[in-house]
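Okay, structure first, notes after.
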2 protein chains.
Amino acid sequence: MFFSKSCEYGIRATIYIAVQSLQDKRVSLVEISEKIDSPKSFTAKILQKLARNKIIVSVKGQTGGYEIPKDDMEKITLSQIVLAIDGSGLYSLCGLGLKKCSEKQPCPVHKDFKLIREKIRKTLESTNLSMLASSIDDGLSYLKI
Amino acid sequence: MFFSKSCEYGIRATIYIAVQSLQDKRVSLVEISEKIDSPKSFTAKILQKLARNKIIVSVKGQTGGYEIPKDDMEKITLSQIVLAIDGSGLYSLCGLGLKKCSEKQPCPVHKDFKLIREKIRKTLESTNLSMLASSIDDGLSYLKI
DNA sequence: TTTTATTCAGACAAAAATATCCGATTTTTT
DNA sequence: AAAAAATCGGATATTTTTGTCTGAATAAAA
């Protein structure tokens with residue numbers, strides 16, 4: 001819809017890791033994919049991408065897994081996660097798929113979609129991991145099913 | 001992004017047909033796909049779906065093609081086109097892909113995305129074909145490339 | 001030092017979305 | 001009546017997205 005399946009999994013995984021990291025728990029791929037109900041191997045690829053983008057930290061070896069430093073949570077925004085996985089299309093592409101759509105040569109829905117995209121951008125940029133993780137800790141929101 | 005490729009083609013095709021219908025011109029599949037720069041046979045499928053949904057009128061035979069009665073243009077909204085092709089997912093599905101996301105059990109981005117979806121819904125429902133077609137007639141917007 | 005539990009990387013597979021082809025049907029024109 | 005130009009519908013093909021498998025690398029535990 002707004003995000004690819006990969007991105008949905010990526011966001012859910014990141015939030016889950018954040019919640020656990022707040023309690024100093026490092027989590028494994030198996031645990032993550034069970035808790036957020038996502039395909040294990042596919043999720044592995046996404047976590048790798050998030051790690052390469054410095055959004056999560058991966059640790060190899062027997063007690064390894066994934067974690068997020070608490071100090072980073074304020075800085076990591078939803079926007080950064082989306083950009084890492086889906087790229088910037090949501091912010092820039094024409095709603096009707098026109099390559100040359102622009103202010104000078106706008107498509108028929110250009111103005112309206114610009115407003116919508118701006119609203120999405122503001123939302124994603126102003127939502128950080130702390131907010132997302134604490135809303136779950138507080139029982140105000142959920143990640144399951 | 002917001003819409004599938006099919007839907008983008010469908011919207012562009014509908015607008016093009018509307019513009020031509022305003023000048024009492026019935027247009028063929030070949031002309032449409034050339035003018036909106038879309039794959040011919042694929043576009044044919046989409047036009048069939050739009051015709052079945054009474055958004056456009058298809059006429060068979062040698063002088064056949066597609067048209068939209070002028071009187072319908074005020075009533076046909078962007079929303080109807082999107083619903084006919086992509087369904088209602090844009091209005092209803094959880095931003096994070098959670099099946100059970102709801103007011104009672106919201107995902108961490110539920111509130112924000114509800115606002116965004118409402119904005120999109122309002123935009124699509126308040127934009128009709130007359131508006132889209134006339135913006136092109138007036139040279140205020142474009143469909144090419 | 002060996003075993004175990006983990007991530008990593010690349011190849012592979014399945015499903016969904018996008019795109020093409022072709023024969024049948026329809027209707028106008030010749 | 002035949003030919004021409006169009007849509008329709010179903011089968012097929014291609015591409016992209018989603019998902020799986022397997023062996024190597026890593027690091028802690030036994």
Side-chain angles (χ1 to χ4, degrees), chain A residues 1-14 16-17 20 25-68 82 85-87 89-90 93 96-97, chain B residues 1-14 17 20 25-68 82 84-87 89-90 93 96-97:
Chain A
M1 268 232 316
F2 296 110
F3 308 134
S4 68
K5 220 100 195 60
S6 295
C7 197
E8 290 178 357
Y9 295 149
I11 296 169
R12 279 150 63 188
T14 305
Y16 181 74
I17 296 167
Q20 298 306 310
K25 289 180 190 158
R26 184 185 289 163
V27 285
S28 72
L29 167 64
V30 171
E31 177 178 346
I32 294 169
S33 63
E34 275 171 1
K35 289 300 174 56
I36 70 167
D37 191 40
S38 68
K40 196 180 59 165
S41 300
F42 190 51
T43 305
K45 301 296 186 193
I46 299 162
L47 294 176
Q48 283 171 40
K49 186 174 272 189
L50 290 170
R52 273 184 244 115
N53 279 275
K54 313 279 187 194
I55 288 166
I56 63 178
V57 173
S58 82
V59 180
K60 286 185 176 182
Q62 186 162 26
T63 58
Y66 302 90
E67 62 191 22
I68 300 173
V82 172
I85 301 176
D86 278 351
L90 188 58
L93 295 179
L96 300 188
Chain B
M1 270 234 314
F2 297 111
F3 307 133
S4 68
K5 221 102 194 54
S6 295
C7 197
E8 290 177 357
Y9 295 151
I11 296 169
R12 279 150 62 188
T14 304
I17 296 167
Q20 298 306 310
K25 288 180 190 158
R26 182 185 290 162
V27 285
S28 72
L29 167 64
V30 171
E31 177 177 347
I32 294 168
S33 63
E34 274 171 2
K35 288 301 173 59
I36 69 167
D37 192 39
S38 67
K40 196 180 62 166
S41 301
F42 190 53
T43 305
K45 302 295 187 194
I46 299 162
L47 294 176
Q48 283 171 39
K49 186 174 272 188
L50 291 170
R52 275 185 241 114
N53 280 275
K54 315 278 188 194
I55 288 167
I56 63 178
V57 174
S58 83
V59 180
K60 285 186 175 184
Q62 187 164 27
T63 58
Y66 303 90
E67 61 190 22
I68 299 173
V82 173
I85 300 176
D86 277 351
L90 189 58
L93 296 180
L96 300 187

- Task: Tell me which of G64(A) and R52(A) sits closer to the 5' end of DNA chain C, going by the nucleotide each one is nearest to.
- Result: G64(A)
- Note: for S6(B) and V27(A) on DNA chain C, the residue whose nearest nucleotide lies more 5' is V27(A)
In whole Å, I'd like the distance from the [atom1] atom of [X] to the [atom2] atom of [N].
{"X": "I17(A)", "N": "dT7(C)", "atom1": "CD1", "atom2": "C1'", "value": "12 Å"}
{"X": "Y66(A)", "N": "dT6(C)", "atom1": "OH", "atom2": "P", "value": "11 Å"}
{"X": "D37(B)", "N": "dA19(C)", "atom1": "CG", "atom2": "P", "value": "11 Å"}
{"X": "I46(A)", "N": "dC8(C)", "atom1": "CD1", "atom2": "P", "value": "14 Å"}
{"X": "L29(A)", "N": "dA5(C)", "atom1": "CG", "atom2": "C1'", "value": "12 Å"}
{"X": "K60(B)", "N": "dG23(C)", "atom1": "NZ", "atom2": "C1'", "value": "13 Å"}
{"X": "K5(B)", "N": "dA16(C)", "atom1": "NZ", "atom2": "C1'", "value": "16 Å"}
{"X": "Y9(B)", "N": "dA17(C)", "atom1": "OH", "atom2": "P", "value": "15 Å"}

- Query: Any chance NZ of K5(B) has more than 12 other-residue heavy atoms, nucleotides or ligands included, within less than 6.0 Å?
  - Reply: yes
- Does the side chain of L50(B) come within less than 4.5 Å of I17(B)'s, by heavy atoms? no
- Return the nearest nucleotide to the side chain of S58(A); candidates are dC21(C), dT7(C), dT18(C). dT7(C)
- Item | Earlier contact from the 5' end, DNA chain D, for V59(A) and P39(A) |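 In this pair, the answer is P39(A).
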- Closest nucleotide of DNA chain D for T63(B) versus for T63(A): which of these residues is on the 5' side?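 Final value for this comparison: T63(B).
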Which pair of non-hydrogen atoms, one from [X] and one from [Y], has the smallest distance, and what is that distance?
{"X": "L47(B)", "Y": "A13(B)", "answer": "CD2-CB, 3.9 Å"}
{"X": "R26(A)", "Y": "V59(A)", "answer": "NH1-CG1, 3.6 Å"}
{"X": "K40(A)", "Y": "V30(A)", "answer": "CD-CG2, 3.9 Å"}
{"X": "L93(A)", "Y": "M1(B)", "answer": "O-CE, 3.6 Å"}
{"X": "I46(B)", "Y": "S6(B)", "answer": "CD1-O, 3.6 Å"}

- With a 4.0 Å cut-off on heavy atoms, is T43(A) in touch with a base, just the backbone sugar-phosphate, or nothing at all? nothing
- Task: Identify whether any heavy atom of S41(B) sits under 4.0 Å from a base atom; if not, whether one sits that close to sugar-phosphate; answer base, sugar-phosphate or nothing.
- Result: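 Base, at least one base heavy atom under 4.0 Å.
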- Message: Whether the side chain of D86(B) engages the backbone of V82(B) through a donor-acceptor N/O pair (distance < 3.5 Å, no angle test) should be reported.
- Response: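 It does not hold such a pair.
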- Message: Let me test you: for the helix from dT1(C)-dA30(D) to dT30(C)-dA1(D), what is the angle between the axes at its two ends (five pairs each), rounded to 10 degrees?
- Response: 20°
- Query: If you walk 5' to 3' along DNA chain D, what is the first nucleotide with an atom under 4.0 Å of a heavy atom in chain A, and what is the last?
  - Reply: dT18(D) to dA29(D)
- Task: Ignoring backbone atoms, test whether S28(A) places a side-chain nitrogen or oxygen under 4.0 Å from the OP1 or OP2 oxygen of dA5(C).
- Result: no
- Say whether Q20(B) and Y66(B), considering side chains only, have a donor N or O and an acceptor N or O under 3.5 Å apart. no
- Message: Within the 3.5 Å criterion, strictly below it, is a donor on T43(A) or S33(A) matched to an acceptor on the partner's side chain?
- Response: no
